[in-house]
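All values below were derived from every heavy atom in this structure, side-chain atoms included, with hydrogens, water molecules and symmetry-related copies excluded. In listed order, ligands and their atoms are each counted from 1. The model shown is predicted, which means the values in this text are computed figures rather than measured ones.
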Amino acid sequence: MAEQPLKERDAMICRACGNEERASEGYPCDGCGTFICLVCSMRGVTRCKECQAKVGDTSESA
Ligand SMILES: [Zn+2]
Ligand SMILES: [Zn+2]
């Protein structure tokens, strides 16, 4: 009768740093909408690794 739903853990893998963080506290990637954790977004990371690699060198003012 002690059936507890395993739904309390709302964790997702951040696609930028690879850590498992709370999905409800993260943000979607600017490029593809995948999960970016709160820690990364506080560091100014708004894209996952793949998207960052695609746009990484576009903000160069040469
Ligand atoms: Zn992260
Ligand atoms: Zn992305």
Participant: Under 2.8 Å from the Zn ion (ligand 2), protein N/O/S atom count?
Facilitator: 4
Participant: Determine which pairs satisfy salt bridge (charged side-chain N to carboxylate O under 4.0 Å, His left out) with at least one residue from residues 32-48, sequence neighbours left out, and list them in order.
Facilitator: none
Participant: Please test R22 against D10 for side chain to side chain contact (heavy atoms under 4.5 Å, CB included), starting from the C-alpha separation and ending with a verdict.
Facilitator: CA-CA 6 Å; R22 283 184 152 203; D10 188 21; 5.6 Å; no
Participant: Could you go through F35 and I13, starting from their C-alpha distance and side-chain angles, then the distance that decides it, and tell me whether this counts as side chain to side chain contact (heavy atoms under 4.5 Å, CB included)?
Facilitator: CA-CA 7 Å; F35 175 66; I13 304 291; 5.9 Å; no
Participant: If you round to the nearest 0.5 Å, how far is CE of M12 from CD1 of I36?
Facilitator: 10.0 Å
Participant: Tell me every residue that passes salt bridge (charged side-chain N to carboxylate O under 4.0 Å, His left out) with E50, counting only those two or more places apart in sequence or in another chain.
Facilitator: none
Participant: Hydrophobic side-chain clustering at under 4.5 Å (ILVMFWY, transitive links): who's grouped with V39? Put none if nobody.
Facilitator: none
